[in-house]
Amino acid sequence: MLNKPQTRTSSLIQRDLSALWHPCTQMKDHESYPIIPIRRGKGIWLEDFERNRYIDGISSWWVNLFGHSNPRINSRIKAQLDTLEHVLLAGFSHEPAIELAQRLVQITPSGLERCFYADNGSSAVEIAMKMSFHYWLNKGQAKKTKFITLSNGYHGETLGALSVGNVDLYKKTYGPLLIETITVPSPDCYNREAGESWKEYSIRQFEAMSQALEKHSSEVSAVIIEPLVQCAGNMRMYHPIYLTLLREACDNYGVHLIADEIAVGFGRTGTLFACEQADITPDFLCLSKGLTGGYLPLSAVLTHEYVYQAFYDDYENLTAFLHSHSYTGNPLGCSAALATLDIFTEDDVLGNNQKLATTMAQATAHFSEHPHVAEVRQHGMILAIEMVKDKQTKASFPWQERRGLKIYHHGLKNGVLLRPLGNVIYFMPPYVIKKSEIEHMARIAFEGIDLATL
Ligand SMILES: *Cc1c(COP(=O)(O)O)cnc(C)c1O
């Protein structure tokens, strides 16, 4: 018997709501807003069971780089599937994990020479934190137990990663469970004075970091930051000079620098890695999300040989890093990552992104004239629009009004998946989007802002 598309959708929704608990969702919302079962994806498009199509304007939570069902990534995974789907990575190894480690060492900032795998971003952050702490311990500096973080930062949802994050919406509830950190004000340039440049403001904000390092360095293991863009913190951005100053200061005070490029890595900000724009190498680099082109969960922490050597000793001395996840370095994930890196090598991805970034800027140039838009900001393939109640004072709409949700629904009705963060609308599309599709996305976003600010 043929299922009518309509029936199929409602039956899936019913089954979904009877058994599933969705991430980052107040499930009661789905009494008013139906969940959308997706039938398939192709390129930038997602298609539901009623043949509605949506531009994936946020790369399915920032993971997808080269579109859904990409033939080059598909075929590499299929070939790997018939060879080896998984094997433990302790005592054993496999070609995809080896090749990927070597290639990540090659393409990441120079000095990063060791690759430790995990299977999601939060775990990568926790690994970097544990490695940093453990490094100092192995070096006889047991007092270096703290982390310096930025206000408005985000590093994931597991308890350690949540501890070094600073977005209240996700963190506050779990406060009693978290480790204490030293938080300094973010260089977030949205807060700069009128007439002040991004660079001037970022330099000015560094003063607080400098003071925190001076005061606490003897007890601080590492500073952890998101280079250039605080993505989950409403796509707030800053100038690369902050990273240059931070690298210098971390060196002076004997503190590690952890760069969380889980969201901004792999070409998002214009360069392959955001750290390149400041010409710095962190002590630990966390990668995930785009690493597999948005196909499979995989993450990696890259670090230096000097860190590795601090753990390298006779077993009896108990200095080893005994951290593991069951799916560490999964061969299918590594193959997806290799195919993704191949695309970066074979195509002029960064050059093409430069054109797409210009198109995004042009398509949204007029947004800043909107009476409820305080700022349009951009770092490469991330463009964000700050919607405010009062343009002069930058007073924001109360969060309870959930105006972003109106834009989300307007987008869905018009074939675009936008998922505003509070009052910030942003574009973070796959790199295979076309000019006309960017223009459509911008048009719908502008209408959405109009509707949401009526
Ligand atoms: C998404 C994200 C994480 C967490 O990664 P998960 O795979 O969701 O655990 C950590 N840091 C940053 C900057 C992120 O954007």
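For ligands, and for the atoms within them, numbers begin at 1 and follow the listed sequence.
Ionic pairing of Glu99 and Arg76 is present here: one or more N-O contacts between side-chain nitrogen and carboxylate oxygen are shorter than 4.0 angstrom. Ion pairing between a basic and an acidic side chain is recognised when a charged N comes within 4.0 Å of a carboxylate O; Arg204 and Glu196 show such pairing.
Among Cys286, Gly121, Pro227, Ala124, the residue whose heavy atom sits closest to atom 6 (P) of ligand 1 is Gly121.
Under a 4.0 Å criterion applied to the non-hydrogen atoms of Gly156, ligand 1 contributes the atoms 4 (C), 10 (C). Applying the 4.0 Å criterion to heavy atoms of Asp260 picks out, from ligand 1, the atoms 10 (C), 11 (N), 12 (C), 13 (C). Every atom of ligand 1 with a heavy atom of Ala263 under 4.0 Å away is listed here by number and element: 15 (O). Counting the atoms of ligand 1 from 1 in the order shown, those under 4.0 Å from a heavy atom of Trp62 are 15 (O). Atoms of ligand 1 lying under 4.0 Å from any heavy atom of Ser122, numbered from 1 in the order shown and given with element: 4 (C), 5 (O), 6 (P), 9 (O).
Cation-pi geometry between Arg377 and Tyr190 is satisfied (NZ or CZ under 6.0 Å from the ring centre, within 45° of the ring normal).
For the pair Lys289 and ligand 1, a heavy-atom separation below 4.0 Å is found.
For Asp188, the salt bridge (charged side-chain N to carboxylate O under 4.0 Å, His left out) test picks out Arg236, with sequence neighbours left out. The ring-ring contact (aromatic ring centres under 6.0 Å, His included) search around His216 returns none, not counting sequence neighbours.
Residues His239 and Leu228 come closest through the heavy atom pair C-CD2, 4.1 Å.
Here the side chain of His86 pairs a donor or acceptor atom with the backbone of Ser326 at under 3.5 angstrom.
At a heavy-atom distance under 4.0 Å, atoms from both the backbone and the side chain of Asn120 approach ligand 1.
Contact annotation for atom 8 (O) of ligand 1: protein absent (non-hydrogen atoms, distance under 4.0 Å).
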